[in-house]
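Numbers restart at 1 for each chain; the letters A, B, ... are given by sequence-line order, proteins then strands.
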2 protein chains.
Amino acid sequence: MGTTERRERERKEMRDLILEKAMELFLSEGYENVSMRKIAEAIEYSPGTIYLYFSDRDEIIFALHLMAFQKFYKALSVMAGDGDPWERLVKGGGAYIRFAIANPGLYELMFIMNSPAKTIKAKDKWEEGLNSFGLLSDTVQECVDSGKFPAETDVPTAALYFWGMCHGLVSLAIRNRLPMIPKSQIRGVLESAFNFGVAKMG
Amino acid sequence: MGTTERRERERKEMRDLILEKAMELFLSEGYENVSMRKIAEAIEYSPGTIYLYFSDRDEIIFALHLMAFQKFYKALSVMAGDGDPWERLVKGGGAYIRFAIANPGLYELMFIMNSPAKTIKAKDKWEEGLNSFGLLSDTVQECVDSGKFPAETDVPTAALYFWGMCHGLVSLAIRNRLPMIPKSQIRGVLESAFNFGVAKMG
DNA sequence: CCATTCTCTGAACGGTGTTCAGAGAAAACA
DNA sequence: TGTTTTCTCTGAACACCGTTCAGAGAATGG
């Protein structure tokens, strides 16, 4: 009786279809301009159907936020490896900034929007975020081990500093708080600021 | 004929009343949980009346964002003065972080929310933000002049770096991306990260 | 006292997220 | 096969939202 298996497969396919179309709409129209009805229209089902696969709008956004993290983690993986850890750390920061500027919609989902934060708070943990933070912490640890950073360095603090610096720069840009910088120059300016910071550290 | 003057005064009083009650509601219930109807109820007028004083919801939020900047600019003024510029810069960063943690609602308004950004983009300038950024830039310039920073330092780049670092730390906290840190310790942790950064620079 | 100007109301419009009784198809059982 | 059960899906309905606007009523000016 393969019925149950087929049902499960079809259920997953429907979830994937909803997520795919929702992501398409969100990225092209902006998160606040996409309603459940519009998603329903895009998948050619009635609005009620979506609620048979997701409990509410936030659950869709949380699922998309997980998908964004997969892509993000890959982009950040240039930081892993066995070269000089300081060089990898700097490379990771550059990759972080480029990813955010190239994928502002995904970045918002992961690090700015309120909606996923509600679920993070409710679950009281955030594996996806902490995985990426772990990658960063490991690299910072290696910088301590290799003597690049002083032995008494508190690794979580140093990693948070590094993350905060990158996040601050890109989130100011994404939320339009740098209107004095022409859009075409944003990436370069952020990278300069980042380089200023790492030059001071290095 | 003092009628016109009285009318103008009453008009201003009504605008202030709306802003005051709106701010109260926003800070206590959160921005997305306050509707125009709720504001109308708070001021004891019908919803339509608000639109005689503000063209739409975004205009209210933009006006509140200006009020937030007044308070913020004052808090940041510890950075001005005539002591050692580097010391003032560090003090300014500390004030920035403390202000944001103590007034997350105001901070969101100024640096995170989308709504004021629309108006900033429409007006294509942002005096209030640039005033505060100017305060920072001036202090960085004085660090260059006093020899604390190398003469070839690009001041806007260094200032942006400093801003980004502070903004990144607090906005991660405000948007709940640091669930691994207990709320009571957030401020201390952010300050440690900030100190790690300035120690590297100083 | 009348005409004008101004303020304010509240119903209405077209949207929103979400729920749920009931229709109809598919599967399981006899 | 026919019958019963299980499952999927619909779409109207609910309670909200931001915003508009004809018209009521008061204040002002002549």
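One interatomic measurement links the two molecules: CZ of A:R15 to P of D:dC9, which rounds to 14 Å at whole-angstrom precision. Rounded to an integer number of Å, the gap from CD1 of A:I50 to C1' of C:dG17 is 11 Å. Note: CZ (A:R7) to P (C:dA28) measures 6 Å, nearest angstrom. Between the CZ atom of B:R6 and the C1' atom of C:dT7 there is a distance of 12 Å, rounded to whole Å. Taking atom CZ of A:F54 as the reference point, atom P of C:dG17 lies 15 Å away to the nearest angstrom. One interatomic measurement links the two molecules: CG of B:L17 to C1' of C:dC8, which rounds to 15 Å at whole-angstrom precision. Rounded to an integer number of Å, the gap from CD of A:E59 to C1' of C:dT18 is 14 Å. Note: CD1 (A:I39) to C1' (C:dG17) measures 11 Å, nearest angstrom.
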- For each nucleotide in nucleotides 10-26 of chain D, reading 5' to 3', give B when a protein heavy atom comes within less than 4.0 Å of its base, S when such contact involves only the sugar-phosphate, and - otherwise. BB-B---BBBB------
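Ring pair B:F69/B:F72 is perpendicular by interplanar angle, where above 60° counts as perpendicular and below 30° as parallel. Ring planes of B:Y107 and B:H167: parallel class, angle under 30° (limits at 30 and 60°).
B:Y53 comes within 4.0 angstrom of the backbone, heavy atoms only, and of no base.
Residue A:N33 qualifies as enclosed at atom CG: its count of foreign heavy atoms under 6.0 Å is above 12.
Listed pair A:T3 / C:dA26 fails the phosphate criterion, with no side-chain N or O lying under 4.0 Å from OP1 or OP2.
With hydrogens and angles ignored, the 3.5 Å screen pairs no side-chain donor or acceptor of A:R187 with any backbone N or O of A:R98.
Neither side chain, B:E142 nor B:S146, offers a donor N or O lying under 3.5 Å from an acceptor on the other. Looking only at atom types and distance, the side chain of A:Q141 has a donor-acceptor partner in the side chain of A:D145 under 3.5 Å away.
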